[in-house]
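Keep in mind that this is a model prediction, so the values were computed, not measured. By convention in this document, chain letters (A, B, ...) are assigned in the order of the sequence lines, proteins followed by strands, and residues within each chain are numbered from 1.
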Number of protein chains: 4
Amino acid sequence: MAKSSRNSKGDKYQKILDAALKVFAKKGFYSSKVSEIARLANVADGTIYLYFRNKDDILISLFEVEMQKVIDRLEEALAGEGDPRRKLEIFALTHLGMVDSRREVAEILQVEVRQSSKFMKDYHNEKFIQYLNIIASIVEEGQRQGLLRADINPDIAKRAFFGALDEMSVYWVLSTKRSFSLETAAQQISRCFLSGLLADKAD
Amino acid sequence: MAKSSRNSKGDKYQKILDAALKVFAKKGFYSSKVSEIARLANVADGTIYLYFRNKDDILISLFEVEMQKVIDRLEEALAGEGDPRRKLEIFALTHLGMVDSRREVAEILQVEVRQSSKFMKDYHNEKFIQYLNIIASIVEEGQRQGLLRADINPDIAKRAFFGALDEMSVYWVLSTKRSFSLETAAQQISRCFLSGLLADKAD
Amino acid sequence: MAKSSRNSKGDKYQKILDAALKVFAKKGFYSSKVSEIARLANVADGTIYLYFRNKDDILISLFEVEMQKVIDRLEEALAGEGDPRRKLEIFALTHLGMVDSRREVAEILQVEVRQSSKFMKDYHNEKFIQYLNIIASIVEEGQRQGLLRADINPDIAKRAFFGALDEMSVYWVLSTKRSFSLETAAQQISRCFLSGLLADKAD
Amino acid sequence: MAKSSRNSKGDKYQKILDAALKVFAKKGFYSSKVSEIARLANVADGTIYLYFRNKDDILISLFEVEMQKVIDRLEEALAGEGDPRRKLEIFALTHLGMVDSRREVAEILQVEVRQSSKFMKDYHNEKFIQYLNIIASIVEEGQRQGLLRADINPDIAKRAFFGALDEMSVYWVLSTKRSFSLETAAQQISRCFLSGLLADKAD
DNA sequence: CATGAATGAGCTTTCATTCAT
DNA sequence: AATGAATGAAAGCTCATTCAT
């Protein structure tokens with residue numbers, strides 16, 4: 001079993017993605033070299049092109065695979081819960097929880113993929129839309145149940161809520177000294193969105 | 001006509017920044033070529049290096065110049081207003097207003113600068129922090145006046161609010177068909193943050 | 001046919017050095033273009049960087065490879081000889097002999113490598129020192145045997161002798177019309193060093 | 001007299017040469033920038049081209065001016081002396097003495113000018129030949145007087161003698177720890193050439 | 001005479017991608 | 001399927017030189 005690596009034997013596809021994740025997270029997409037991904041994956045440079053069309057394709061595939069994991073994990077977390085208000089809180093906790101547990105994934109999802117025209121214009125980004133629409137669904141559900149106000153457009157709300165969480169993630173990934181925990185951040189953000197900042201309200 | 005030289009105009013620094021703005025917005029930083037910026041600025045390639053240390057420096061300078069304009073414009077818009085609740089709404093309107101009126105600037109501020117280590121880790125990004133802290137100040141002011149709830153950390157709120165607006169901008173810049181106006185978006189986002197999504201509240 | 005690849009031959013390292021030798025000799029190091037070396041070596045520009053770190057490294061490698069050949073050839077020529085007086089003459093003949101048989105090598109060894117800080121200060125130039133020390137050894141040997149005067153510092157003598165030969169080489173390489181042969185030059189130089197210029201002496 | 005420098009007023013030619021001397025000695029010809037010479041000379045970049053055709057011309061002019069000084073100094077030193085044997089010693093002492101007193105000049109004369117085809121092939125180098133021929137004249141004079149052996153070709157001797165001194169200079173300029181003085185070196189080199197290395201001779 | 005901003009050709013070097021084995 | 005040596009286009013940057021003022 002001399003040369004084979006941790007992974008059983010033939011799933012080079014996964015080995016390459018694993019390597020790409022580390023390299024992209026460390027250096028950023030443009031500064032990453034295909035040959036470094038190959039080296040880390042214990043694979044020849046040329047082998048990468050048997051599994052991926054080009055360097056962009058690695059990033060996009062990585063994004064989709066990881067996004068799917070995030071979506072799965074999120075749906076699992078939301079599964080038992082009926083109250084859309086609580087669901088938003090769970091969304092926030094799960095989203096930010098991922099930043100801690102899978103920091104490299106977070107760095108790439110945040111930064112690399114929304115990076116530039118190449119990825120946000122040309123590439124339609126189905127998974128991301130799917131992720132955003134989970135929020136929209138929750139809001140719509142709440143509105144149908146009369147629990148959330150009907151005069152807020154769910155398409156606006158989903159982006160506002162996601163944006164708030166995402167900006168927090170960026171901060172979390174980049175900063176070193178932080179005065180609050182991710183749980184606190186998640187709670188405060190969901191509280192903001194649910195109850196608002198105005199003072200004269202019960203929570 | 002003080003500084004003019006062989007070339008008619010003279011204010012090459014600005015011409016280069018203007019050109020860079022367009023090129024970066026269209027192609028993204030990494031895919032932009034210095035020579036294209038030069039061409040668009042009607043300037044020789046080498047001239048760029050009389051005004052900027054390197055390609056990175058162009059982006060950073062562009063960011064700081066434009067960010068300063070945004071801050072100035074914002075402070076002007078906030079000048080007459082005393083109520084922090086209204087200030088948040090003005091912030092949202094101004095921020096999103098800029099996306100429409102200066103779309104290219106918006107694209108760069110959003111995408112390029114939050115990009116990656118090169119710009120968010122190494123480069124401290126004073127102007128961005130300054131911008132964020134305008135939100136924090138408004139929130140703190142509201143808290144001191146008893147108008148905004150005291151149990152929300154202004155450092156979290158500022159990022160949540162900015163993130164919500166920024167995500168909306170990204171959507172605005174990238175999408176072509178939109179079902180709502182920017183004014184609507186601004187109002188809905190500030191309403192979300194002030195009054196929350198919960199249904200059982202007066203506005 | 002072990003290593004061969006797309007290209008017929010395979011021994012690109014040597015092909016590049018051969019090409020570099022010609023180009024450097026013709027144009028001088030600074031005026032030589034890596035792309036011209038590549039063209040002459042029938043190799044792509046990038047290929048050069050698989051074998052050498054940079055342009056400097058080509059020169060240094062060339063120097064060391066050729067210097068080693070010179071040293072080997074010299075030691076072979078000195079092998080059978082016991083008399084240090086005769087050894088100096090052989091050294092001179094071999095050194096100048098090389099100038100004729102490998103003129104391009106001579107041009108580079110002479111001119112490029114003694115050039116300037118980049119190559120004589122930063123790069124320690126082991127091979128050259130080794131070459132010089134062959135002279136010193138011969139002198140010391142002669143002194144021990146009582147054949148050569150003891151009041152001449154071998155470290156001075158080695159440089160004087162080498163310098164005399166080297167200057168002759170420079171002349172030989174650069175001039176076109178010469179009034180004497182290299183053998184004559186070698187003999188006269190070694191005679192100068194052994195017997196001196198003074199008239200009242202037996203040879 | 002605000003801006004004018006040490007030199008009286010208009011001899012920018014000299015100021016440029018002085019600056020070039022320092023810059024070339026420090027960085028080497030190819031790594032020296034015309035603009036740095038200009039800066040050091042307190043002169044605009046363009047001004048240099050009023051006095052010199054191009055960068056090469058600065059080096060060549062510098063060479064000729066300095067070589068002339070060396071020749072003048074040498075002829076002065078040789079003036080009173082009639083004995084060609086003593087003249088050779090004076091030549092050696094003067095040549096090496098210059099290395100100490102005008103190290104920068106030495107570095108350039110040695111290294112930069114003999115550097116490459118550009119300067120030794122294309123440029124005929126009259127002054128250098130003149131300098132060499134002083135040695136040849138001394139040798140011929142000695143031969144006519146019967147003091148030096150007639151079977152040594154003065155054209156070979158001149159190069160051998162110069163080469164020995166030059167190599168010593170190179171060593172002197174480049175090395176930091178030396179086990180002998182320049183005077184010793186000069187004496188030993190001239191003794192070598194006069195009396196030879198052979199042991200069985202009176203000095 | 002003097003200036004120095006502007007030029008732009010031309011350099012080295014990188015690296016995604018290919019393809020003969 | 002896998003390799004990895006080879007490719008070569010492409011890019012950022014430098015700097016000798018010019019010329020309008």
Side-chain angles (χ1 to χ4, degrees), chain A residues 3 9-10 12 30-39 42-58, chain B residues 1-8 10 12-13 30-39 41-58, chain C residues 1-8 10 12-13 30-39 41-58, chain D residues 3 9-10 12 30-39 42-58:
Chain A
K3 279 203 201 177
K9 63 165 191 288
K12 312 223 178 208
Y30 279 100
S31 302
S32 295
K33 285 147 210 163
V34 172
S35 64
E36 196 183 342
I37 296 174
R39 213 185 53 232
N42 263 329
V43 149
D45 290 22
T47 304
I48 289 189
Y49 292 85
L50 297 175
Y51 295 92
F52 300 92
R53 266 193 315 281
N54 52 35
K55 194 183 165 192
D56 287 7
D57 189 36
I58 305 176
Chain B
M1 212 187 138
K3 284 202 204 175
S4 99
S5 79
R6 220 177 299 184
N7 221 306
S8 57
K12 312 230 178 212
Y13 180 82
Y30 279 102
S31 303
S32 295
K33 287 151 213 156
V34 172
S35 62
E36 195 182 342
I37 297 175
R39 198 163 42 73
N42 260 334
V43 148
D45 288 23
T47 304
I48 290 190
Y49 294 87
L50 296 176
Y51 295 93
F52 301 92
R53 266 193 312 283
N54 51 36
K55 195 183 161 193
D56 286 10
D57 190 36
I58 304 176
Chain C
M1 206 183 141
K3 285 201 205 177
S4 98
S5 79
R6 221 175 300 184
N7 221 306
S8 58
K12 313 231 176 208
Y13 180 82
Y30 280 101
S31 302
S32 295
K33 286 149 214 159
V34 172
S35 63
E36 195 181 343
I37 298 175
R39 197 164 42 72
N42 259 334
V43 148
D45 289 22
T47 304
I48 290 190
Y49 292 85
L50 295 176
Y51 294 93
F52 301 93
R53 267 192 311 283
N54 51 37
K55 195 182 160 191
D56 285 9
D57 189 38
I58 303 176
Chain D
K3 279 203 206 177
K9 64 163 190 292
K12 311 224 179 207
Y30 279 101
S31 301
S32 295
K33 285 149 211 164
V34 172
S35 63
E36 195 183 340
I37 298 174
R39 214 187 52 231
N42 263 330
V43 149
D45 290 20
T47 304
I48 288 189
Y49 292 85
L50 297 175
Y51 295 92
F52 300 91
R53 266 193 315 282
N54 51 35
K55 193 183 165 191
D56 287 7
D57 189 37
I58 304 176

- When B/Ser32 and D/Gly46 are each assigned the nearest nucleotide of DNA chain F, the 5'-most assignment goes to B/Ser32
- Item | Between E/dT3 (P) and D/Asn42 (CG): distance, integer Å | 9 Å
- Round to a whole Å and report the spacing from CD1 of A/Ile37 to P of E/dA16. 8 Å
- Take atom CZ of C/Arg39 and atom C1' of F/dT7, then tell me their distance rounded to the nearest Å. 17 Å
- Side chain of A/Lys33 (C-beta onward), nearest among E/dT13, E/dA16, E/dA2: E/dA16
- Task: Calculate the interatomic distance between A/Asp45 atom CG and E/dT17 atom P; express it in whole Å.
- Result: 12 Å
- Task: State which of E/dT3, F/dA6, E/dC11 makes the closest approach to the side chain of D/Thr47.
- Result: E/dT3
- Task: Kindly compute the distance separating OH (C/Tyr13) from OH (C/Tyr51), expressed to the nearest 0.5 Å.
- Result: 11.0 Å
- Message: What is the separation between atom CD1 on D/Ile48 and atom C1' on E/dC1, rounded to the nearest whole Å?
- Response: 15 Å
- Interatomic distance where CG belongs to D/Asp56 and P belongs to F/dA16 [whole Å]: 11 Å
- Task: Write out all pairs satisfying salt bridge (charged side-chain N to carboxylate O under 4.0 Å, His left out) with one or both partners inside residues 43-53 of chain A, taking only residues at least two apart or from two chains.
- Result: A/Arg53-A/Asp57
- For E/dA6, take OP1 and OP2 only and decide whether either is under 4.0 Å from a side-chain N or O of B/Tyr51. yes
- Position toward the 5' end of DNA chain E (nearest nucleotide), C/Arg53 or D/Val43: D/Val43
- Side-chain contact check for C/Lys55: nearest option of F/dG12, F/dA2, E/dT13 is E/dT13
- Task: Name the closest nucleotide to the B/Tyr49 side chain, picking from F/dA2, F/dT14, E/dT14.
- Result: F/dT14
- Task: For B/Leu50 and F/dC13, give me the distance from atom CG to atom P, rounded to whole Å.
- Result: 14 Å
- Message: To the nearest 0.5 Å, what is the distance between OH on B/Tyr49 and CD1 on B/Ile58?
- Response: 6.5 Å
- Watson-Crick or G-U stems involving DNA chain F, each at least 3 pairs long, distances under 3.5 Å, ordered by first number: E:2-21 with F:2-21
- Under 4.0 Å between a side-chain N/O of A/Ser35 and OP1 or OP2 of E/dC15, yes or no? no
- Taking atom P of F/dT14 as reference, at what distance in whole Å does atom CZ of B/Phe52 sit? 15 Å
- From the options E/dA2, E/dG4, E/dT13, select the nucleotide whose nearest atom is closest to the side chain of D/Ala44. E/dG4
- In this structure, CD1 of D/Ile48 is separated from CD1 of D/Ile37 (nearest 0.5 Å) by 5.5 Å
